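A short write-up of the structure that comes next.
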Amino acid sequence: MSDEYFYGVTLSSSHQSETWDPEAKAEYPRSNKLLIRTALLGPDAKPDELNVIQVETMCLQDTIKIPVAILKVGETRQARLDIEFPDAPVTFTLTQGSGPVHLIGQHLLGALVEEFEDMEEMEEEMLDEEEGDDSQFKEDENKRKAAGKRKTNEDDDDEEGEPKGKKSKMSNNAKGKAASPKKNAKK
């Protein structure tokens, strides 16, 4: 259904900003998602220099600019981010430091819009079929409940139809007690 591609970009003093915007380059409509997994400080980074990576992207109503990683030689050479960006464009900027900072992740390329429409139709058909299956299940369940009620009513009738004396003798025998000696003596 979707294709997954490696994504990587290096930010440095000579290349401080990079924008991910596959929709601007696409020739046909597909859904895109960017996953940034790690920010990694390159081996050429200067000691005691903070490297701040900022991201600019769309939020619910407006754009947002926020730092996502601060890296420093000797303290933090890498940061696990696991950030998803479902909407383009996304701009990564090295706002402080000279880098190099490598951003590593995946670019998920979804199905064509036409394929999504076909999938929606298939889902509707499946839901209709499931509703039909559920009604059959409910009918079977109601039959089982009715049969269970009939059995319990029949059992109640048998117990109620027996004289109370017999009931008490049966319960005594069930408890391991012997039958009353008077009856045995008469026989």
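Note that the coordinates shown come from a computational prediction; the quantities given were computed from them, not determined experimentally.
Clustering ILVMFWY residues whenever any of their side-chain heavy atoms sit less than 4.5 angstrom apart, transitively, puts Leu40 in a cluster other than the one holding Val9. Using a 4.5 Å cut-off between side-chain heavy atoms of Ile, Leu, Val, Met, Phe, Trp and Tyr, with links allowed through other members, Leu108 and Leu81 fall into different hydrophobic clusters. Under the 4.5 Å side-chain heavy-atom criterion for grouping Ile, Leu, Val, Met, Phe, Trp and Tyr, Leu109 is not connected to Leu35 through any hydrophobic cluster. A continuous path of Ile, Leu, Val, Met, Phe, Trp and Tyr side chains, each step under 4.5 Å between heavy atoms, connects Leu94 with Phe85, placing both in one hydrophobic cluster.
Under the 4.5 Å side-chain criterion, counting only non-hydrogen atoms from C-beta, Arg77 is not in contact with Leu71. A 4.5 Å side-chain heavy-atom check between Ile104 and Arg37 finds every atom pair outside the cut-off. The shortest side-chain heavy-atom distance between Thr95 and Pro67 does not fall under the 4.5 Å cut-off. Looking only at side-chain heavy atoms (C-beta outward), Val73 and Glu49 stay at 4.5 Å or farther from each other. Considering only heavy atoms from C-beta on, Val55 comes within 4.5 Å of Ile66 through its side chain. Annotation: side chain of Thr57 is not in contact with side chain of Thr91 (no heavy-atom distance under 4.5 Å).
For the 3.5 Å distance criterion, the side chains of Ser12 and Ser14 qualify, holding a donor opposite an acceptor. Judged purely by distance below 3.5 Å, without hydrogens or angles, the side chains of Glu56 and Thr93 never pair a donor atom with an acceptor atom.
Applying the side-chain hydrogen bond (donor to acceptor under 3.5 Å, both in side chains) criterion to Glu4, with sequence neighbours excluded, gives no partner residue.
Nearest heavy-atom pair across Leu11 and Gln16 is CD2-O, 3.9 Å. Residues His107 and Pro22 share a closest heavy-atom pair of CE1-CB, 3.8 Å. Annotation for Pro86 and Lys33: closest pair CA-CG, 4.2 Å, computed over non-hydrogen atoms.
If you take CG on Leu34 and CG on Asp87, they are separated by 11.5 Å, rounding to the nearest 0.5 Å. Taking CH2 of Trp20 as the reference point, atom CG of Leu103 lies at 13.5 Å (rounded to 0.5 Å). Distance check: Tyr5 OH to Gln106 CD gives 13.0 Å after rounding to the nearest 0.5 Å.
Note on ring orientation: taking the six-membered ring where Trp is involved, the planes of Tyr7 and Phe92 are tilted (angle from 30° to 60°).
When atom types are taken as modelled, the side chain of Asn51 and the backbone of Gly99 share a donor-acceptor pair closer than 3.5 angstrom.
Applying side-chain contact (heavy atoms from CB on, under 4.5 Å) to Ile70 and the options Thr76, Val52, Ile53 leaves one that passes, Val52.
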Step by step, work out the side chain to side chain contact (heavy atoms under 4.5 Å, CB included) result for Val90 and Thr19. CA-CA 6 Å; Val90 178; Thr19 299; over 6 Å; no

